[in-house]
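Read the numbers this way: they start at 1 and go in the same order the structure lists the ligands and their atoms. Residue indices begin at 1 and follow the sequence shown.
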Amino acid sequence: MTASANGRRRVVSGMRSTGKLHLGNYVGALANWVKMQDQYECFFFVADWHALTTDYADTSKVKENSLEVTLDWLAAGLDPEKCTIFIQSHVPQHAELHLLFSMVTPLGWLERVPTYKEQRDNIAEKDLSMYGFLGYPVLQAADILIHKGEMVPVGEDQVAHVELTREISRRFNQFYQLQGKSVFPEPQALLTRTPKLPGTDGRKMSKSYGNTIMLTDPEPVVRQKLKTMVTDPARVRRTDPGDPDKCPVGDLHKIFSSVETMAKVNEGCRSAGIGCIECKGWAADALVQILNPMQERRKKYEENPKLAWDILEAGSAKARGVAGATMNEVRDAMGMSLTPSLK
Ligand code: SF4
């Protein structure tokens, strides 16, 4: 059975409900999603259950965070007419399939996922020795396969997760068949180019480093953050030449500035013809140009959040329909259909 009725390949992807998004989230995933919605049949979900794998102890902000993520998606240009936007926990079939997948997934597969050990070591302030944390790649597999996702947009560090989804799909298909046919596709990783986006301190942009530029930051805040952003350490004095390739502000220019501005930055920085303050002003101009229309679009939903909830509700209803059909096939294949007969 093909996943998509309209001939377009089906893409499934989610984002944890961590609240308002920053430029790193935009460049790393969201900007791509906005492009993909014209090309593929896209299912994008707010992964609120995934947020619990690390933030299980305090769930008071989960719902609010889901809304904030959705507002930023809509602001960035995701269009509910073109793609399906929903909340993971509103489609309980994700959890049902997760349970069934957890029956057939060997523990060793999960323990060798590179991000498992890395995150357990890095997030020292939380106790992550939880079953849910170990099993989150199984939930990811269920997220994708419940909608029969064929393509999963990922950065290179996520390829191992898609590989695990493919392995779980293969294992399920080996055990259980539906009239001699496989229930699940083996989704492909759709490798997305994610340019390096530094935060204001030069490290990777991340909320936990406190170095973010948020999609909702008003212009004066963006300009102020840029002013304090680190630059090429070789430019100690105004007269010292610099190198945009060694400067986090240069990285921002590469992503957001026009070819003309980039040429001015290259020339002016390397010859010490411009100062960093001027250069940062140009970078701020480019960012504001991107962020202004997003913030304009966001306003409508901020003033009337029900509009966004309605979109989520309609998307979740559609997703439940697709997921329900998949679960019927899964139950049939496993000989556990809901019908009272033994067939
Ligand atoms: S002139 Fe621009 S690119 Fe060069 S070091 Fe200063 S901020 Fe960075």
Open item on the list: Applying side-chain contact (heavy atoms from CB on, under 4.5 Å), can you list everything that pairs with P92, at least two apart in sequence or on another chain?
Closed with: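 For P92, the residues satisfying side-chain contact (heavy atoms from CB on, under 4.5 Å) (neighbours in sequence not counted) are R320.
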
Open item on the list: Using the side-chain contact (heavy atoms from CB on, under 4.5 Å) criterion, which residues pair with L307? Sequence neighbours excluded.
Closed with: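 For L307 the side-chain contact (heavy atoms from CB on, under 4.5 Å) partners, ignoring immediate neighbours, are K300, Y301, N304.
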
Task: Residue and atom, protein N/O/S, under 2.8 Å of atom 8 (Fe) of ligand 1 - done: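 C247 SG, with waters left out.
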
- [ ] Among residues two or more places apart or on two chains, list those pairs meeting side-chain hydrogen bond (donor to acceptor under 3.5 Å, both in side chains) that have a residue in residues 69-79.
- [x]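 side-chain hydrogen bond (donor to acceptor under 3.5 Å, both in side chains) check on residues 69-79 returns D72-R298.
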
Do the charged groups of [X] and [Y] touch, with an N to O distance under 4.0 Å?
X    : Y    : value
E186 : R170 : yes
E329 : K148 : yes
K264 : E278 : no

